Each structure stands twice: as C-alpha cells, then as structure tokens.
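Step one of this worksheet: look at the structure below.
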Amino acid sequence: MATEKQYLFFKTLYDEERVREASLADRARTYLSLITFYSAFVLFATEHLKPEIVSLRIILGCTIIALIAGFLLSLWSIRISNYEATSDPRKILHCFKPPPEDDEFFDHRIVDFTVAYERNKLVNDEKARQLNWAGYMLLIGIFIHTGYFFLKMS
C-alpha cells in the first residue's frame, strides 16, 4: 500500500515533465526568433550580393531550404499536443462509495501519475527530437550561408 510520501514522489516526476514541456516551448520560440532574424539577414545580404553564377544560387537555395526546414520543425514542435491528464475527478468520485482507505486512494493516484508521466514523456521526447533537428537546420543554414559569403568574396 502506498504512502503519501510515495505519492508525492510520483507527483514530482509528473511535475518535472510539465516543466520540461514548458522549457521545450521556450526553446521552440527561441529557435523561431533566431531563424526569423537570420532569414531577414539572408534576404538583406542576398539583395546586396546577388548570386550571378549557378553554384552560388544553389548554395543560397540550400541555405534557404535549411532555414525553412528549421522554421517548420520549430513550428511543428509547438503544435497543440495530446497530453495525458493525471486523473478524471468524476471517476475518482465513484470510488468514494464507500470512501477508500488512504493507502488505496494513493495507490490509484500513483498509477494515474505514472500513466500520465509515461505518455507525456513520449510527447515531449518527440518535441525534443524535432527541436534538435530544427537547431541542426539553423546551424546548417548559417554554415552554408557563410560558405556563400566566402565564395562570393573570392
């Protein structure tokens, strides 16, 4: 039978995953801002350093594709997701006829937190993978654009 301390432990795990959800959303907003800012820089620089040869156009096109991919991955990661709630209060009320013992009550709540934690962790893991790829796309876009400048200046 579960104790209140054990219940609090599982609640803490669930709460940590909720904090992770918020930090992933913050990272997505940061990536969106960086990609938007850098895209404006790319467009500004392209206007002044127009590519005349095909290879420079291809390099610039790859830069733009990488930035668009990073932007779309960041947007996709902050979409509305199906997170698992910890419990259904109506279902819990049905268990109160007759009222359960505290141990039994905490046992059920621990199961609720465990299921919600596991499902929400899967959603957050997927968002984290998308944001990792968005970050890679941003870096690839910057790297390719730097190559564009070196080729343009030589």
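Residues take their numbers from the sequence shown, with the count starting at 1. Since this is a predicted model, take the numbers as computed values, not measurements.
Rounded to the nearest 0.5 Å, atoms CD1 (Ile68) and CG (Leu73) are 12.0 Å apart. Rounding to the nearest 0.5 angstrom, the gap separating the CG atom in Leu122 from the CG atom in Asn82 is 12.5 Å. Rounded to the nearest 0.5 Å, atoms CG (Leu67) and CG (Leu72) are 11.0 Å apart. The CD1 atom of Ile53 sits 7.5 Å away from atom CG of Leu151, with the distance rounded to the nearest 0.5 Å. With rounding to the nearest 0.5 angstrom, the OG1 atom of Thr30 is 11.0 Å from the CG atom of Leu138. Rounding to the nearest 0.5 Å gives a distance of 11.0 Å between CD1 of Ile144 and CG of Leu139.
When all heavy atoms of Thr46 and Pro51 are compared, the closest pair comes out as CG2-CD, 4.2 Å. The minimum heavy-atom distance between His145 and Ala45, with the atom names listed, is CE1-CB, 4.2 Å. The shortest non-hydrogen separation linking Ala134 to Tyr31 is CB-CD1, 3.9 Å. Closest approach of Gly141 and Thr63 over heavy atoms only: O-CG2, 3.4 Å. Contact between Gly70 and Ile35 at its shortest, heavy atoms only, is C-CD1, 3.3 Å.
Contact check for Asn120 versus Tyr14: side-chain heavy atoms found under the 4.5 Å cut-off. You'll find the side chain of Arg109 stays beyond 4.5 Å of the side chain of Phe10, heavy atoms only. The side-chain heavy atoms of Ile110 and Gln6, taken from C-beta on, include a pair separated by under 4.5 Å.
Arg20 and Asp15 are not joined by a salt bridge, as no carboxylate oxygen comes within less than 4.0 angstrom of a charged side-chain nitrogen. Comment: Glu21 engages Arg18 in a salt bridge, judged by a side-chain N to carboxylate O separation of less than 4.0 angstrom. Between Asp125 and Arg129 there is no salt bridge, since none of the side-chain N atoms of the basic residue sits less than 4.0 Å from a carboxylate O of the acidic one. Using a 4.0 Å cut-off between charged nitrogen and carboxylate oxygen, Lys152 and Glu52 count as a salt-bridge pair.
Ring-centre distance between Phe41 and Phe44: not below the 6.0 Å cut-off. You'll find the ring centres of Tyr7 and Phe113 inside the 6.0 Å limit.
Each of Phe143 and Met137 belongs to its own hydrophobic cluster when Ile, Leu, Val, Met, Phe, Trp and Tyr are linked at side-chain heavy-atom distances under 4.5 angstrom. No chain of hydrophobic side-chain contacts below 4.5 Å, direct or via other Ile, Leu, Val, Met, Phe, Trp or Tyr residues, connects Val111 to Phe106. Residues Val123 and Val115 do not share a hydrophobic cluster, clusters being chains of Ile/Leu/Val/Met/Phe/Trp/Tyr side chains in contact below 4.5 Å. No path of Ile, Leu, Val, Met, Phe, Trp and Tyr side chains, each step under 4.5 Å between heavy atoms, connects Ile142 with Leu43, placing them in separate hydrophobic clusters. When hydrophobic clusters are built by joining Ile, Leu, Val, Met, Phe, Trp and Tyr residues whose side-chain heavy atoms come closer than 4.5 Å, directly or via intermediates, Ile65 is not grouped with Phe37.
The side-chain hydrogen bond (donor to acceptor under 3.5 Å, both in side chains) test applied to Lys127 returns Ser81, Tyr83, not counting sequence neighbours.
A donor-acceptor distance shorter than 3.5 angstrom exists from the side chain of Arg79 to the backbone of Trp76, with no hydrogens or angles considered. Although no hydrogens or angles enter the test, the distance criterion places a donor-acceptor pair under 3.5 Å between the side chain of Asn124 and the main chain of Glu17.
Residue Tyr136 places its OH atom among 12 or fewer non-hydrogen atoms of other residues, nucleotides or ligands, all under 6.0 Å distant.
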* With side chain to side chain contact (heavy atoms under 4.5 Å, CB included) as the test, would you mind laying out the steps for Gln130 and Leu75 before giving the verdict? => CA-CA 9 Å; Gln130 292 163 355; Leu75 274 181; over 6 Å; no
